[in-house]
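The structure under discussion appears below in the form of structure tokens.
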Amino acid sequence: MYSFPKNKKKPQLFEGLSEESLQTLLQHSFLKEFENGQLLIQQGDIPQFVYLIIDGTLKTSRMSAEGEEATIRLLESGDVCMEAVLFMGGPSPIDVQAMGTTTVLLIPDKVIKTHVLEDARFSVNLLKIVTRHYKNAMHQIDAMQIKSPVQRVGYYFLIKHLESGHDSLEFSLPFRKQSIASYLGMTPETFSRTLKKMKEMGIEVEDDKIKMRDSFTLCHFCDSDTAALCARHDREECQQCPLH
């Protein structure tokens with residue numbers, strides 16, 4: 001049985017659960033390590049687990065009839081996948097693949113489906129996760145249909161900057177540039193050209209490091225959703241933001 005470290009922040013899936021509820025989930029779950037490129041589940045397979053990333057990264061994708069891959073989500077430590085597919089029923093519409101060596105907690109589908117009926121807080125956690133993924137999917141569709149390449153990349157960088165704590169002019173990208181380009185719906189060549197344009201705006205990319213000219217460099221890409229995540233939102237210093 002996997003034992004979640006008490007000194008480590010619990011992922012959203014486990015937030016607010018009683019120790020008894022948490023142990024009920026963990027006693028039926030197990031850890032598994034996947035190597036770079038290894039598939040956890042393939043499009044068309046029947047899902048048997050919900051995957052919680054303990055360490056590393058995953059991506060979910062779909063393959064077209066012509067053999068072209070579309071990246072759906074890029075997942076980091078603490079993220080969950082297959083929770084929505086599990087309740088959809090039927091075969092998985094996506095592939096789930098490790099990006100580098102990744103440790104995952106596998107929670108059996110029967111355990112998930114039983115526990116949502118026994119613990120209301122766990123059900124709410126799952127609902128919040130599904131809702132967040134739905135919201136991100138809307139942004140992804142919006143970006144591909146409406147936003148320019150610079151706007152797509154800028155918005156993605158802003159989200160990652162806010163997630164990293166918004167307290168530094170440098171932060172790291174959790175995924176390779178090629179994966180980010182695919183997720184944003186652009187070719188590696190377009191992504192590369194876009195990074196050159198962003199350098200003129202004071203945003204430099206060196207390997208996986210993002211370096212900004214000042215704290216408000218990415219504010220050009222802010223909207224109501226990202227503003228809600230920003231510690232400076234509605235404060236006096238926010239007035240320096242180009243949006244105001």
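Worth saying up front: this structure is predicted, and the values here are computed from it rather than measured. Along the sequence shown, residues carry numbers from 1.
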Which of Leu86, Val80, Val85 passes side chain to side chain contact (heavy atoms under 4.5 Å, CB included) with Met82? Answer is Val85

Looking at [X] and [Y], would you say the former's side chain and the latter's main chain have a donor-acceptor pair under 3.5 Å?
X      : Y      : answer
Glu204 : Lys199 : no
Thr57  : Met99  : yes
Ser61  : Ile72  : no
Ser192 : Pro188 : no

With a 4.5 Å heavy-atom cut-off, do [X] and [Y] have their side chains touching?
X      : Y      : value
Thr103 : Glu33  : yes
Phe175 : Glu76  : yes
Phe221 : His161 : no
Lys128 : Glu15  : no
Val104 : Ile54  : no
Met212 : Leu218 : yes
Phe157 : Leu195 : yes
Leu17  : Lys10  : no

Is there a path of hydrophobic side-chain contacts, each under 4.5 Å between heavy atoms of I, L, V, M, F, W or Y residues, that connects [X] with [Y]?
X      : Y      : answer
Ile46  : Ile94  : no
Met88  : Leu127 : no
Phe30  : Ile41  : yes
Val124 : Val130 : no
Val111 : Phe87  : yes

Work out which heavy atom in [X] is nearest to a heavy atom in [Y]; give both atom names and the distance.
X      : Y      : result
Leu184 : Arg152 : O-NH1, 2.9 Å
Gly78  : Leu52  : O-CD1, 3.6 Å
Leu117 : Lys113 : CG-O, 3.7 Å
Leu74  : Lys59  : CD2-CB, 3.9 Å
Cys81  : Thr60  : CB-CG2, 4.4 Å
Ser92  : Pro47  : N-CD, 4.0 Å

Where do Leu106 and Tyr51 land on the side-chain contact (heavy atoms from CB on, under 4.5 Å) test, with the steps shown first?
-> CA-CA 5 Å; Leu106 280 67; Tyr51 303 112; 3.7 Å; yes

Mind jotting down which residue pairs meet the side-chain hydrogen bond (donor to acceptor under 3.5 Å, both in side chains) criterion with at least one end in residues 114-126? Sequence neighbours excluded, please.
->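 Checked against side-chain hydrogen bond (donor to acceptor under 3.5 Å, both in side chains) - neighbours excluded - the pairs reaching residues 114-126 are Ser21-His115, Ser21-Asp119, Arg121-Asn125.
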
Mind checking side-chain hydrogen bond (donor to acceptor under 3.5 Å, both in side chains) for Lys197 and listing every partner two or more places apart, or none if nothing turns up?
-> none

Counting heavy atoms not belonging to Arg73, are there more than 12 under 6.0 Å from its CZ?
->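 It does: Arg73 CZ has more than 12 such atoms within range.
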
Does atom CD of Gln38 have more than 12 heavy-atom neighbours, drawn from other residues, nucleotides or ligands, at distances under 6.0 Å?
-> yes

Axial cation check for Phe191 ring with Lys177, 6.0 Å and 45° limits | no

In Å, rounded to the nearest 0.5 Å, how long is the span from [atom1] of [X] to [atom2] of [Y]?
X      : Y      : atom1 : atom2 : answer
Lys147 : Tyr156 : NZ    : OH    : 14.0 Å
Leu169 : Thr217 : CG    : OG1   : 7.5 Å
Arg132 : Asp79  : CZ    : CG    : 5.5 Å
Leu58  : Leu40  : CG    : CG    : 5.5 Å
Ile203 : Thr194 : CD1   : OG1   : 11.5 Å
Phe49  : Glu83  : CZ    : CD    : 15.5 Å

Would Lys211 and Glu206 satisfy salt bridge (charged side-chain N to carboxylate O under 4.0 Å, His left out), going step by step from the backbone distance to the final call?
-> CA-CA 8 Å; Lys211 297 181 179 181; Glu206 296 180 5; 3.2 Å; yes

Would Ile107 and Leu13 count as a side-chain contact (heavy atoms from CB on, under 4.5 Å) if you check the C-alpha gap in whole Å, the side-chain angles of each, and the deciding distance to 0.1 Å?
-> CA-CA 11 Å; Ile107 310 175; Leu13 184 65; 3.8 Å; yes

